[in-house]
Q: 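Structure incoming, see below.
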Amino acid sequence: MKDLTMEKIVNYCKQYGFVYQGSEIYGGLANSWDYGPLGKEIKENIKRAWWKKFIQEERNSFGIDAAIIMNPQVWVASGHVASFSDPLIDCKACKSRHRADKLIEDFTEGKETGDGWDNKKLEKFISDNKVPCPKCGKSDFTGIRQFNLLFETHMGVTEDSSSKVYLRGETAQGIFVNYNNVLRSGRAKIPFGIGQIGKAFRNEITPGNFIFRTREFEQMEYEFFCKPDTDLEWHAYWKQKCLDFLKEVGLKEENLKYRDHSPEELSFYSKATTDIEYKYPMGWGELWGIADRTDYDLSVHEKHSKTELRYLDPETNEKYIPYVVEPSVGVDRLFLALICDAYDEEEIAEGDTREVLHIIPSLAAYKVAVLPLVKKYHSEKALEVFNDLSKHFMTTYDESGSIGKRYRREDAIGTPWCITIDDETINNGTVTIRDRDTMKQETIELSKVIEYIKERINF
Ligand code: ATP
């Protein structure tokens, strides 16, 4: 929808039960959000779609579910304890805190990202360009210090440094530490991939833009292990696969673009990194990162754990540490993109608009709504139909209000089909099925409804 604002999306999500403010009755907790009944369904459908594409349909692909709290040495080895940090800068005038690179990115409207710049370079750019504080407008900042994003907690009854553990900052490390296990138990052969979906935690300096940047979020990460020097080819493969997936789940092509990281931005171990960005209401933002991580992760874990993480090639008898290509996407950012992309307010007659969510049927919260035309006469049959359909799909039932109003409500929450139960159903075994997008109605046999819907759902 043109001119869609984040405020509109936040209100819409709250009104219909997609996403609520976290801990709302206690005044909320800054930037924490809870998924409501409809949001939970869509989120599960997104995860199912990803799992199908990346685990089920890929040959040599394995899924795992690792622990959130891991041995703290994992995070020492991966480099997170030393350098998983963002440049923190304070406004001297109003005392607000900011991420220096994001200040620059917002100030230059995305022309400079500040990614990969050292503190000196960031400070110089801010002072040379008199970058203003977004809160008070003054340009009077402290120097930059690095702020570590890992959440710390303690395990067990004592709270000293020996009991310190971290909430995982990404799901990827759970995959690397299980590389040997999956290789052995899955009898895997290079190239192969391991994927995982789960929560990650980052003490972000400036969370915001609804569920775009939060301190607790979900990731769908995939680590693809390949032979050294085939990594760039595989990077190209996964870049394409991720973009195809986003189009398949319904995102409009014009709202998606690749952004290749410049050599300056690239992590020291990466040969290539590409972000797929989505055009959110606040502007283009990273949705999916596809990074060629070379042999960095397995090498550091091999060194720190003193456990061999090499692959013995059965054909050449060569032993090597595999290279890794990592496509990593946030469930919440994808959820937000899907809602923004699908939401519309359509004028359907003069002075008459409807709210509609054109989300693809496979991802919709409810696949079908069962609506008795007249409660008094048709609800008994309608409930029978609900009982049948709900064994196959998420089905909703609504008997209150005029049929027109009920259709509108289903349009607004993205239910692709409404079936109306009337005298014809009772006498002839037929129902009217209404399509959310075209608003056209057709009569089909009740016994064909399940097949009709199944044919139109692919995840
Ligand atoms: P950004 O530059 O926006 O902070 P990142 O490059 O640090 O993101 P990655 O570490 O590559 O992100 O994480 C992979 C994916 O996880 C991102 O592409 C994004 O979809 C998601 N993600 C990362 N941080 C957050 C967050 N704070 N809230 C929600 N999703 C996130």
Side-chain angles (χ1 to χ4, degrees), residues 19 22 30-33 35 43 46-47 50 54 75 78-80 83-88 98-106 110 112-117 147-151 167-175 195-223 235 238-239 242-243 245-246 249 251 256-262 265-267 269-270 272-278 280 282-293 296-297 324-338 340:
V19 182
N31 298 292
S32 93
W33 301 95
Y35 284 80
K43 214 176 174 201
I46 292 171
K47 293 194 261 182
W50 181 91
F54 285 78
W75 303 103
S78 66
H80 284 76
S83 54
F84 188 47
S85 52
D86 278 335
L88 173 68
H98 306 277
R99 226 175 103 175
D101 55 337
K102 291 288 164 209
L103 270 186
I104 293 172
E105 188 175 341
D106 292 345
E112 298 285 359
T113 63
D115 256 11
W117 293 12
F147 177 78
N148 195 290
L149 303 185
L150 283 180
F151 272 98
L167 300 186
R168 67 181 174 204
E170 60 178 25
T171 58
Q173 298 306 322
I175 297 178
Q196 147 153 259
I197 300 177
K199 290 248 173 166
F201 304 83
R202 296 182 186 177
N203 202 0
E204 297 274 3
I205 297 170
T206 47
N209 284 319
F210 192 28
I211 50 173
F212 179 82
R213 187 180 302 287
T214 49
R215 293 188 170 114
E216 172 182 345
F217 55 97
E218 245 178 313
Q219 292 184 310
M220 304 191 282
E221 294 201 294
Y222 193 71
E223 309 300 323
H235 184 256
W238 289 107
K239 248 172 90 168
C242 296
L243 188 66
F245 175 80
L246 293 174
V249 293
L251 294 182
L256 291 166
K257 70 172 184 200
Y258 285 130
R259 192 180 72 76
D260 292 323
H261 285 208
S262 64
E265 264 179 88
L266 279 181
S267 308
Y269 50 76
S270 177
T273 297
T274 303
D275 294 340
I276 300 180
E277 296 190 336
Y278 179 77
Y280 291 98
M282 75 283 181
W284 290 96
E286 173 181 335
L287 169 58
W288 207 323
I290 302 120
D292 175 347
R293 300 181 63 90
Y296 174 74
D297 304 278
V324 169
V325 177
E326 174 195 80
S328 167
V329 60
V331 180
D332 314 83
R333 282 195 194 175
L334 181 51
F335 180 99
L336 181 60
L338 287 160
C340 294

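In each ligand, atom 1 is the first atom listed, and ligand 1 is the first ligand listed.
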Q: What atoms of ligand 1 come within less than 4.0 Å of a heavy atom belonging to Glu204?
A: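 Near Glu204, the atoms of ligand 1 are 24 (N), 26 (C), 27 (N).
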
Q: Who's closest to atom 26 (C) of ligand 1 heavy-atom-wise, of Phe84, Phe217, Trp288, Phe335?
A: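 When every heavy atom of Phe84, Phe217, Trp288, Phe335 is considered, Phe217 comes closest to atom 26 (C) of ligand 1.
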
Q: Compute the shortest N/O to N/O distance between Glu221 and ligand 1 and return yes if it is under 3.5 Å, no if not.
A: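 N/O-N/O distance below 3.5 Å does not exist for this pair.
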
Q: Just to confirm my output: which protein heavy-atom neighbour is closest to atom 28 (N) of ligand 1, and how far is it?
A: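 Of every protein heavy atom, Thr214 N, 3.1 Å lies nearest to atom 28 (N) of ligand 1.
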
Q: Has Asp332 got any heavy atom lying under 4.0 angstrom from an atom of ligand 1?
A: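 Contact absent.
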
Q: Can you tell if the side chain of Leu287 reaches within under 4.5 Å of the side chain of Leu251, non-hydrogen atoms only?
A: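 Side-chain contact under 4.5 Å: yes.
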
Q: Side chains of Glu170 and Arg202: closer than 4.5 Å at any heavy-atom pair?
A: yes

Q: Identify, for atom 29 (C) of ligand 1, the protein heavy atom at the shortest distance, and state residue, atom and that distance.
A: Phe212 O, 3.1 Å

Q: Answer yes or no: does an N/O atom from Val329 fall short of 3.5 Å to an N/O atom of ligand 1?
A: no

Q: Heavy-atom distance to atom 10 (O) of ligand 1: which of Glu105, Glu170, Gln219, Arg202 wins?
A: Arg202

Q: Check Ile276, Leu334, Val329 against Phe245 for a side chain to side chain contact (heavy atoms under 4.5 Å, CB included) and give me the one that passes.
A: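 It is Leu334, the one option of Ile276, Leu334, Val329 that forms the side chain to side chain contact (heavy atoms under 4.5 Å, CB included) with Phe245.
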
Q: Quick one: side chain to side chain contact (heavy atoms under 4.5 Å, CB included) partners of Asn31, sequence neighbours excluded?
A: Pro207

Q: Counting only heavy atoms, which portion of Asp275 has something under 4.0 Å from ligand 1: side chain, backbone, both, or neither?
A: neither

Q: Identify the protein heavy atom lying closest to atom 8 (O) of ligand 1, giving its residue, its atom name and the separation to 0.1 Å.
A: Glu286 OE1, 3.7 Å

Q: Checking side-chain polar atoms at under 3.5 Å, does Gln196 have a donor or acceptor matched by the opposite partner on Thr171?
A: no

Q: What residue and heavy atom of the protein are closest to atom 14 (C) of ligand 1, and at what distance?
A: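 The closest heavy atom on the protein side is Ser328 OG, 2.9 Å.
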
Q: Going by distance only, is there an N or O of Arg213 that falls short of 3.5 Å from an N or O of ligand 1?
A: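 Between Arg213 and ligand 1, an N or O pair is found under 3.5 Å apart.
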
Q: Check Arg99 with Glu204, please: is the shortest side-chain N to carboxylate O separation under 4.0 Å?
A: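 Yes, Glu204 and Arg99 are salt-bridged.
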
Q: Is the closest heavy atom of Arg99 to ligand 1 under 4.0 Å?
A: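 It does; at least one heavy atom falls under 4.0 Å.
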
Q: Checking Arg293 now: which residues fulfil side chain to side chain donor-acceptor pair (under 3.5 Å) with it, not counting sequence neighbours?
A: Tyr269, Asp297

